[in-house]
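First comes the structure, then the notes that go with it.
What's counted below: heavy atoms across the whole structure, side chains too, no hydrogens, waters or symmetry copies.
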Amino acid sequence: MESRYPVFLAFQGGGAKGVVHAGALLAINDLNLDIKGVAGTSAGSMIAALIAAGYTGDELVDPENETHLFQSITPRFGINRATDIFTKKAWRILTIGRAVPDRLREVKGYYLKKIAPYAKRLPDAPWPLIALVSFFGLLATCPTIAQIVAIFSSIGVLVMCWAVRWVSQGISTVEAVRRLIDGAIRVKLGVEKENITFRDLQDHNGLPLKIISTNILGECLELFCFERTPDTPVADAVAASICLPVIFRPWALKFRRSTENLDRYVSGRFFDGGLMSNLPAWPFDEERLIYPGTTTIALGISPEVVPGPQKAKHWLGSIINAIVSGTGEIHTRAVGRIIKIPLRCRLNLLEFDAPIDKIYEEVRRSRHQVTHQLKKELTTYPALIDDATEVLHAGVMAKLAEYRGRWYTESLEDHTIRVAIGAQRSGAMNSLSLVSGSGFSDQHSDSKITLPLSGSAAGIAWAEGAVAATLPWSENIALHALERMWEPVKWFMCFRLTPRVGFPIAKVLTPRPKAPFLDKVHGEMAKIRPIVIIIDGTMPLDDTLEHAYDDILECLERIQESAVEYLRQRDLDFILQGSNSWL
């Protein structure tokens with residue numbers, strides 16, 4: 001069994017697509033990761049609550065043994081299948097509603113195939129204008145028809161107003177979901193008490209849980225957790241989080257909210273948390289400050305990409321997809337070390353009646369995807385980068401030892417040599433961060449520094465290939481964050497690491513595709529992301545030595561050549577070209 005890496009988990013909402021989260025949890029359990037807390041929105045809040053109570057992946061869905069929660073736990077609460085979370089009337093309406101787009105496409109296809117060819121043969125004429133003039137002329141000469149039209153128009157307006165009001169109230173309730181969550185938590189915790197609160201969850205050794213909802217009465221985002229809403233039932237928080245407008249009625253709740261400077265009772269009416277934050281990686285910001293070594297795994301949901309040119313979607317569908325998937329970029333920013341995994345799913349948002357074999361297949365696919373990505377980004381790649389940095393540091397020390405007495409005279413054992421790899425973190429466009437280092441200690445103020453590509457030595461090295469300098473600086477040299485460099489440093493060098501010709505770059509790391517280098521990847525032009533190696537030391541240049549300046553340049557050039565060759569042998573030039581959300 002592998003070591004238990006501490007992680008926070010964030011689950012995105014996505015309706016029926018949320019079943020892929022069960023596969024992700026299976027992978028996390030397979031890798032024996034130490035879950036320190038869970039957060040979720042909408043469908044993600046349901047699985048987050050169950051994980052916080054202690055459920056494992058195979059208790060939710062086990063595709064190998066073909067068992068699932070709706071067989072073992074939920075039937076005792078009157079829920080035998082996923083569609084039972086809706087009322088029977090609501091599910092009939094949703095089933096009919098799902099079929100409407102297909103019927104409209106059939107009508108459109110019939111028109112284009114059977115009617116449109118004949119319509120094109122008609123002589124050119126302003127037919128819409130002729131029809132409009134004829135209609136109003138008919139109304140002017142036939143008051144009876146005008147009255148009939150007015151009556152039907154009034155009825156149509158009334159029906160439309162009633163439909164808008166009915167739809168705005170939602171066609172189903174979330175009572176069944178609330179009953180499912182509260183019952184499942186009680187079963188897992190082994191308690192008889194109903195309405196398990198966040199305080200109860202903590203008292204029974206549950207995991208820290210954060211749930212997001214949209215408070216339409218308070219016009220704000222609502223974060224439910226032990227610190228802010230300790231006496232709120234977890235099931236109420238989940239119910240508030242999944243109230244997708246039109247589908248569910250808003251969930252009303254009165255609760256006590258605590259903040260850093262206020263504690264009071266408030267009332268709220270809630271809609272789906274995805275309207276505010278559908279991939280909540282941010283709620284554990286404070287915990288990440290306390291435990292900076294903990295990685296956040298943000299599990300999003302992405303639609304299955306169909307090969308070939310994409311057809312334009314209706315604006316309403318595009319808005320819904322943007323709400324479901326588009327906020328992840330915002331709510332996973334600046335959250336420390338994070339691994340973002342967009343889970344591929346072929347289910348539709350409301351496909352709660354998908355065949356069980358299809359469900360098992362989606363769970364298997366997400367399990368394999370998450371296992372593969374986490375092994376690389378949580379264990380394999382970080383270890384490879386750190387090992388390479390250590391070996392590189394040893395090589396630099398050996399090369400410097402060969403030049404003692406040529407450009408410096410003091411013993412290396414009395415000085416510090418540091419080697420760091422600078423790369424772009426996820427979302428960065430204009431900066432480099434030190435992602436791995438050797439020879440650094442806690443007293444080094446620049447061990448975790450982030451530098452701009454414009455105005456820093458690292459940025460100059462990336463643009464021009466390499467830069468080296470000795471200290472003190474000349475007054476006409478202006479570099480960013482010079483005051484943040486560790487004061488004892490007397491010389492430094494920076495040089496870039498570019499991908500080898502013939503090795504392509506992909507946004508998501510996969511088995512290497514074939515050349516040509518920098519060709520189109522999935523229809524998009526790949527970009528080279530900056531990688532810079534930074535080496536410095538505390539022994540000063542001894543300019544009394546003959547050819548000291550020539551020898552230091554020769555030394556640093558040899559270090560650069562051997563370092564680039566070694567790092568390319570370890571595939572660092574390829575690995576660090578990915579999204580790097582895990583750095």
Side-chain angles (χ1 to χ4, degrees), residues 6 8-11 13 35-42 44-54 174 177-178 181-182 185-186 188-189 191 193-243 250-292 294 296 298 327 330-336:
F8 296 116
L9 303 180
F11 293 94
I35 303 173
K36 294 297 187 182
V38 284
T41 296
S42 194
S45 72
M46 297 176 66
I47 193 168
L50 295 175
I51 294 171
V174 292
V177 174
R178 192 197 183 284
I181 295 298
D182 190 60
I185 291 177
R186 285 191 286 114
K188 193 62 180 178
L189 297 182
V191 298
K193 175 183 181 294
E194 295 184 352
N195 298 322
I196 300 296
T197 65
F198 285 87
R199 189 187 304 277
D200 295 328
L201 187 63
Q202 178 174 348
D203 291 343
H204 288 83
N205 300 316
L207 293 172
L209 173 65
K210 320 271 186 172
I211 291 176
I212 309 301
S213 186
T214 302
N215 190 337
I216 57 176
L217 185 61
E219 298 182 350
C220 63
L221 177 149
E222 200 70 58
L223 172 61
F224 292 99
C225 59
F226 171 73
E227 294 78 12
R228 293 174 63 91
T229 57
D231 300 319
T232 299
V234 173
D236 276 325
V238 172
S241 184
I242 68 168
C243 285
W251 187 252
L253 183 65
K254 186 175 182 179
F255 59 100
R256 184 168 65 90
R257 180 202 293 156
S258 298
T259 62
E260 62 273 14
N261 54 11
L262 194 62
D263 191 345
R264 63 173 179 168
Y265 281 92
V266 297
S267 297
R269 295 181 74 240
F270 296 93
F271 266 142
D272 195 288
L275 300 174
M276 300 293 290
S277 178
N278 206 31
L279 183 52
W282 55 270
F284 287 105
D285 283 347
E286 186 174 11
E287 287 84 348
R288 272 186 292 269
L289 293 174
I290 300 172
Y291 308 107
T294 304
T296 299
T327 61
I330 298 172
H331 300 291
T332 58
R333 299 296 293 272
V335 294

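Taking both residues in full, the closest heavy atoms of G54 and K188 are given as O-CE, 3.2 Å, listed atom of the first, atom of the second, then distance. Looking at every heavy atom in both residues, P283 comes nearest to A39 through CG-CB, 4.4 Å. Closest of all the heavy-atom pairs between A239 and V174 is CB-CG2, 3.7 Å. Here the closest heavy-atom approach between residue A52 and residue L209 is recorded as CB-CB, 4.0 Å. The two residues I216 and P250 have their closest heavy-atom pair at CD1-CB, 4.2 Å.
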After noting the C-alpha distance and the side-chain angles of R178 and N195, does the key distance pass the side-chain contact (heavy atoms from CB on, under 4.5 Å) rule?
-> CA-CA 9 Å; R178 192 197 183 284; N195 298 322; 2.6 Å; yes
Assess whether side-chain contact (heavy atoms from CB on, under 4.5 Å) is satisfied between D231 and Y265, documenting all intermediate values.
-> CA-CA 11 Å; D231 300 319; Y265 281 92; 5.5 Å; no
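With contacts defined as side-chain heavy-atom distances shorter than 4.5 Å, the pair S241/E222 does not qualify. Looking at D182 and V234, their side chains never come closer than 4.5 Å, going by heavy atoms from C-beta outward. For the pair I212 and W282, the minimum side-chain heavy-atom distance is below 4.5 Å. Residues F224 and L253 meet the side-chain proximity criterion, which asks for heavy atoms closer than 4.5 Å. Between K36 and F284 there is no side-chain heavy-atom pair separated by less than 4.5 Å. Two residues are said to be in side-chain contact when any heavy atoms from C-beta on lie closer than 4.5 Å; R269 and C243 fail this criterion.
Once rounded to the nearest 0.5 Å, the distance linking CG of L50 with OG of S45 reads 9.5 Å. One distance of note links CG of L262 with CD of E260; it measures 9.0 Å at 0.5 Å rounding. Here the CG atom belonging to L201 is positioned 10.0 Å from the CZ atom belonging to F226, to the nearest 0.5 angstrom. Between the CE atom in M46 and the CD1 atom in I181 there is a gap of 4.5 Å [rounded to 0.5 Å]. Taking OG of S267 as the start and CZ of R257 as the end, the distance is 10.0 Å to the nearest 0.5 Å. Here F11 contributes atom CZ and L279 contributes atom CG; the two are 10.5 Å apart, rounded to the nearest 0.5 Å.
The backbone N or O of F271 sits less than 3.5 Å from a side-chain atom of S213, completing a donor-acceptor pair. T197 contributes a side-chain N or O that, together with a main-chain N or O of D200, makes up a donor-acceptor pair within less than 3.5 Å. In terms of modelled atom types and a separation under 3.5 Å, the side chain of T41 and the main chain of S277 share a donor-acceptor contact. With hydrogens and angles disregarded, no donor-acceptor distance shorter than 3.5 Å links the side chain of N215 to the backbone of C220.
Aromatic ring centres of F255 and F198: separated by at least 6.0 Å.
Legend: salt bridge (charged side-chain N to carboxylate O under 4.0 Å, His left out) pairs involving residues 201-210, not counting sequence neighbours, sorted by first then second residue: K210-E227, K210-E287.
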